[in-house]
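Convention: sequence-line order gives letters A, B, ...; per-chain numbering from 1.
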There are 2 protein chains.
Amino acid sequence: MNHVTLKSLAKDLGLSTSTVSKALSDSYEISSETKKRVLAHAKDKQYKPNQFAKNLRTGGTNTIGIIISSISNTFMAQIVQGIQEVAQKYEYDFIIMQSQEDADIEKKSLENLFAKGVNGILLSPVHETSNIALLEQMQEEGCPIVLFDRIDSSLNTHKVGVNNFMGSYEATQLLINSGHRRFLHIGAKGVGISKDRFNGFKKALDDADIPFSNDQYLQCTIGDIETMRKEIHEVFSKIKNKSLEIDAIFGGSDIISANCLGILAELDIKVPNEVSVIGFSNSDLAFALNPSLSTITQPAEEIGRLAVEKLEKILSKKRYAHIEFETVELDTTIVLRNSTRK
Amino acid sequence: MNHVTLKSLAKDLGLSTSTVSKALSDSYEISSETKKRVLAHAKDKQYKPNQFAKNLRTGGTNTIGIIISSISNTFMAQIVQGIQEVAQKYEYDFIIMQSQEDADIEKKSLENLFAKGVNGILLSPVHETSNIALLEQMQEEGCPIVLFDRIDSSLNTHKVGVNNFMGSYEATQLLINSGHRRFLHIGAKGVGISKDRFNGFKKALDDADIPFSNDQYLQCTIGDIETMRKEIHEVFSKIKNKSLEIDAIFGGSDIISANCLGILAELDIKVPNEVSVIGFSNSDLAFALNPSLSTITQPAEEIGRLAVEKLEKILSKKRYAHIEFETVELDTTIVLRNSTRK
DNA sequence: TTGTACGCGTTATCAG
DNA sequence: CTGATAACGCGTACAA
């Protein structure tokens, strides 16, 4: 009684495999009588179709590939949560791969997923130009790509993320309205959306006629956490010894924001008395920080959900050729906690 | 030029599919001359074997299933990182599923993975008795299971985790040595390893003749974060209004520890002046908290790596019958930061 | 050393 | 409404 297959079911019931197959897929060709018999027996025997045979036959895999920078990033984990939710709905499996902010690893992952014959890929690119040629080729060969989070790539496809410019603009404006004037903006080097975030920030300053000089903008290394900390530490030291006057720090990503607070504590710079801090962050721990961290929060799960929906849209219409690609920019939410002066 | 298959390669080279197949798998039956030709051509054509056909043929899938409570848990994310590392080495893919602390979802996930024909499963069980019967059945039917993190299950198999008793014992002892006497221990309700952690804690107290009453032990709900916070908040309120005298709080898991700090800050209970805090935690943010959180840290990635190695061991020896299962208990590391008085 | 032929479990086509 | 048959791409006895 090893494996229950179509054949074994057919034998049990005195039917042919094709009849059983059709019955199980609720084909109109089969009498409801037979369907009932087959279904009952299949359930009884706990029949599970062999996915590989199915995939081999149909060409599809019912699997989508996901490539993110790192799984141990709260924001990404939340997105994956959303992805899983909708993927389940459409009965997709998914394979997660990590690019670790490295374009070469990203390339390998893409090729790997493609070789596995995934139906489509959800990608948060390493940077705006990484592997564009490969991605285009994959699209042509019938493997649709949907970008999420980092949606500044020049690839022509669906993109799902947030309006980084606006989120940044509004947060900055809030800080300005509560009296902050000398800002330090810390962004991620080489990441395109960092530019949008910086631009939103800068626009708010300009609109309020607040001066800004280049030493108020740090583009720090991502991918290597130690280097990042060192870079931030260096600038904060200047704040500590008053060679750089700052009253508000704006962290451009989840990881940057978290590290800012830790380093400020190390240097014994009081938050928010000496300096306010606000940052893009989706960590549940933001509230646990002391002072709790004011954040610009992204609808991470919604990004994940929408990304799958977009992919499904392409997948379901594959044959119908021409698709109008769109970019969805969701709104961010600003949560003011205790790291910012009122 | 659609798909490159064995057949197409064979045609190109004027060979048969079987020769090509054997050449590609480096069979001794094929002349090194032919092998070179085939390999070169295959590389040229970017031939990728169809996994589904291969799997269908061989029965295996080269895929392992992973079931964890939640992907947005730093500790689990780190474990997955370790898993990925070793899985890559053995050329395994992996599918991640989340049980969300729910035994029914765990069951569905197990069945799903089994139906997919994964080679084996890495599982961090919802609790010590969840789905034991199913797991045993799956093992019998040739799907090996390796447990990690929560290794108190009665299932007979390889298990990889940490020595929770000792980690807890030593941490408590440290706090005792620095003068703490009135402890509050917060564990996760229904999770077996919480008992080990509590027992280690209790033993340290006993060995030092420190009295302990039941209201110094809170078993809080996991799976629903709001409920957890409410439960913790309630107890901490007693500390605040002095109806419960406590000078040290011991958080029994990553999530618990983080929430403790947040709630203490909310209630304006000074750490470590009024109360010291130490907790099991693997969050990178521990250092970013203010005061930074003293932690008992688990070698998460190593747990992941070892778990895959154990699984591979079973997989490679499948035919050789009798396997001696073992339980690996790695050591924890205590990192004292500023949340504990010296 | 190479080629032939079959089967893994499924779906799809076509005939009955 | 049902059944025989082919095919998906691969690996492997077995034959040459």
Option among H158(A), K159(A), K310(A) that satisfies the side chain to side chain donor-acceptor pair (under 3.5 Å) test with E326(A):
K310(A)

Out of dG9(D), dC14(D), dG9(C), which has the shortest distance to the side chain of A53(A)?
dG9(C)

Among dG3(C), dC1(D), dG11(D), which nucleotide has an atom closest to any side-chain atom of S16(B)?
dG3(C)

Among dC8(C), dT11(C), dT2(D), find the nucleotide with the atom closest to the side chain of K54(A).
dT11(C)

Whole-Å distance separating the CG atom of L56(A) from the P atom of dG7(C):
16 Å

Rounded interatomic separation in angstrom, taking NZ from K48(A) and P from dT10(C):
13 Å

Nucleotide nearest N50(B) when distance is taken to its side chain, options dC1(D), dT10(C), dC10(D)
dC10(D)

What nucleic acid atoms does S25(B) come within less than 4.0 Å of, heavy atoms only: base, sugar-phosphate, or nothing?
nothing

Could you state the atom-to-atom distance from CG of L9(B) to C1' of dG11(D) in whole Å?
15 Å

Rounded to whole Å, please give me the gap between NZ in K11(B) and P in dG9(D).
13 Å

Strictly below 4.0 Å, N to O, side chains only: are K313(A) and E309(A) in salt-bridge contact?
no

Donor-acceptor pair (no angle test) under 3.5 Å: R57(A) side chain, dA7(D) base:
yes

Choosing from dC1(D), dG11(D), dT2(C), which nucleotide comes nearest the side chain of E29(B)?
dT2(C)

note: K7(B), atom NZ; dG11(D), atom P; distance rounded to Å ~ 15 Å

Roughly how many Å is it from CG in L6(A) to C1' in dT5(D), rounded to a whole number?
15 Å

Report yes or no: is there a donor-acceptor pair, N or O only, under 3.5 Å between the side chain of S18(B) and the base of dT4(C)?
yes

Picking from dC8(C), dC10(D), dT5(D), the nucleotide nearest the side-chain atoms of T17(A) would be dT5(D)

Between C1' of dT2(D) and CD1 of I30(A), the distance in whole Å:
6 Å

Can you tell which of dG9(C), dT2(D), dT4(C) lies closest to the side chain of T19(A)?
dT2(D)

Determine whether a donor-acceptor pair (N or O, by modelled atom type, separation under 3.5 Å) exists between the side chain of K45(B) and the backbone of A40(B).
no

Taking atom types as modelled and ignoring hydrogens, do the side chains of Q78(A) and E302(A) form a donor-acceptor contact shorter than 3.5 angstrom?
no

Quick one: L24(A) CG to dT10(C) P, roughly how many Å, whole number?
9 Å

Side-chain N or O of S21(B) versus OP1/OP2 of dG11(D): is the shortest distance under 4.0 Å?
yes

Output yes when at least one side-chain N/O atom of T34(A) is less than 4.0 Å from OP1 or OP2 of dC1(D), else no.
no

State whether a side-chain donor-acceptor pair under 3.5 Å links E106(B) with S130(B).
yes

Nearest-nucleotide check on DNA chain C, P49(A) vs Y28(B); residue mapping nearer the 5' end is Y28(B)

Is there a side-chain contact between N50(B) and T5(B), using heavy atoms and a 4.5 Å cut-off?
no

Compare the minimum distances between each of dG3(C), dC1(D), dT10(C) and the side chain of L15(B), then state the nucleotide with the smallest one.
dG3(C)

Closest-nucleotide ordering on DNA chain D, the 5'-leading residue of K22(A) and Y47(B):
K22(A)

